Amino acid sequence: MGELREALDEAGFKDVKTYLQSGNVVLGSTAKPESVGRKVERLIKERFGFEIAVVVRSRAELARIVKRNPHAKVAKDPKRYQVTFLSAKLSAKVVRELEDAAAESEQVVVAGREVYAWHPKTIARSKLWNQLAGKKLGVTATSRNWATVEALLELAGE
């Protein structure tokens, strides 16, 4: 993560910070999130040789995601509460498939380019989680647990 932080700094991004060894980066830029994503993807490919899709949210977007928190009353274990960040909105068909995959105890809310999923019993054996972690969404997606989402917002606010 140190090399990535250095590469992003050299590319002109401001206040580059990484969160643990998680692949999460907080940085400053006046460019639109989509442009930042493309630039970071190119940089990673050129500097490290990896083709990685990058999903970007502005600090304001991340703050709205945390404020929305549709499972606040029930999601008490942040490690079982996931937010999946999407590159684009899901089709209605995929949203129905996610809702159908949720176990009776699970809750899922699709809001714009995010999917909030509460897995009170298990994530590892969850059909919903398997759908979210798979390649069948039709868009680029990356998931973070609620503790990480809140930590990233705090890091972005420094």
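As the structure is a computational prediction, the values presented were derived from the model and not from experiment.
Among residues two or more places apart in sequence or in another chain, the side-chain hydrogen bond (donor to acceptor under 3.5 Å, both in side chains) test is passed with Glu10 by Arg47. For the side-chain hydrogen bond (donor to acceptor under 3.5 Å, both in side chains) test, residues two or more places apart in sequence or in another chain that qualify with Lys45 are Glu51. Listed by chain and residue number, Arg144 satisfy the side-chain hydrogen bond (donor to acceptor under 3.5 Å, both in side chains) test with Thr142 (two or more places apart in sequence, or in another chain). By the side-chain contact (heavy atoms from CB on, under 4.5 Å) test, Ala102 is found to be paired with Glu106, Val108, Leu128, residues two or more places apart in sequence or in another chain being considered. Shown here are the side-chain hydrogen bond (donor to acceptor under 3.5 Å, both in side chains) partners of Glu104, two or more places apart in sequence or in another chain: there are none. Residues forming a salt bridge (Lys or Arg N to Asp or Glu O under 4.0 Å) with Asp15 (at least two apart in sequence, or on another chain): none. Annotation: side-chain contact (heavy atoms from CB on, under 4.5 Å) contacts of Ala92 (sequence neighbours excluded): Arg96.
A heavy-atom distance below 4.5 Å is not found between the side chains of Val115 and Leu137. Within the 4.5 Å cutoff, the side chain of Ser87 has no heavy atoms near those of the Arg113 side chain. Looking at heavy atoms from C-beta onward, Ile44 lies in side-chain contact with Leu4 at the 4.5 angstrom threshold. In this structure, the side chains of Arg57 and Ile65 come closer than 4.5 Å at one or more pairs of heavy atoms.
Panel note: side chain Glu97, backbone Val94; no donor-acceptor pair is recorded below 3.5 Å.
Note on residues 106-141: no pairs pass ring-ring contact (aromatic ring centres under 6.0 Å, His included), not counting sequence neighbours. Within the structure, salt bridge (Lys or Arg N to Asp or Glu O under 4.0 Å) contacts touching residues 72-89 (residues at least two apart or in different chains) are Asp77-Arg80. Residue pairs meeting the salt bridge (Lys or Arg N to Asp or Glu O under 4.0 Å) criterion with at least one partner in residues 125-141, sequence neighbours excluded, are absent. Pairs passing the ring-ring contact (aromatic ring centres under 6.0 Å, His included) check and including a residue from residues 38-96, sequence neighbours excluded, read His71-Tyr81, Tyr81-Trp146.
Interatomic distance, CD of Gln82 versus OG1 of Thr84, reported as 6.5 Å (0.5 Å rounding). In this structure, Lys17 NZ and Leu8 CG are separated by 13.5 Å, a value rounded to the nearest 0.5 Å.
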Please tabulate, for the side chains in residues 36-43, all donor-acceptor contacts under 3.5 angstrom to protein atoms that are two or more places apart in sequence or on a different chain.
residue, atom, partner, partner atom, Å
Lys39, NZ, Ala11, O, 3.1
Glu41, OE2, Val54, N, 2.8

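Annotation for Ser126 and Thr122: closest pair CB-O, 3.6 Å, computed over non-hydrogen atoms. Across all their heavy atoms, Thr140 and Ala53 have their closest contact at CG2-CB, 3.4 Å. Ser105 approaches Pro120 most closely through the heavy-atom pair O-CG, 3.1 Å. Heavy-atom minimum distance, Arg59 versus Gly157: NE-CA, 3.5 Å.
Under the 4.5 Å side-chain heavy-atom criterion for ILVMFWY residues, no single connected hydrophobic cluster contains both Val109 and Leu86. Note on Val55: it clusters hydrophobically with Leu153, by side-chain heavy-atom contacts below 4.5 Å among ILVMFWY residues. Side-chain heavy atoms closer than 4.5 Å link hydrophobic residues (I, L, V, M, F, W, Y) into clusters, and following such links, possibly through other members, connects Val74 to Val149. A continuous path of Ile, Leu, Val, Met, Phe, Trp and Tyr side chains, each step under 4.5 Å between heavy atoms, connects Tyr19 with Val83, placing both in one hydrophobic cluster.
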| query | Going through the checks in order, is the side-chain contact (heavy atoms from CB on, under 4.5 Å) test met by Leu90 and Leu98? | reply | CA-CA 10 Å; Leu90 297 174; Leu98 291 175; 3.6 Å; yes
Q: Let me see the working for Leu27 and Lys14 under side-chain contact (heavy atoms from CB on, under 4.5 Å), right down to the final yes or no.
A: CA-CA 6 Å; Leu27 53 78; Lys14 304 294 180 214; over 6 Å; no
Report the C-alpha separation of Thr148 and Leu20 in whole Å, then their side-chain angles, then the decisive distance to 0.1 Å, and conclude whether the side-chain contact (heavy atoms from CB on, under 4.5 Å) test is met. CA-CA 10 Å; Thr148 298; Leu20 304 173; over 6 Å; no
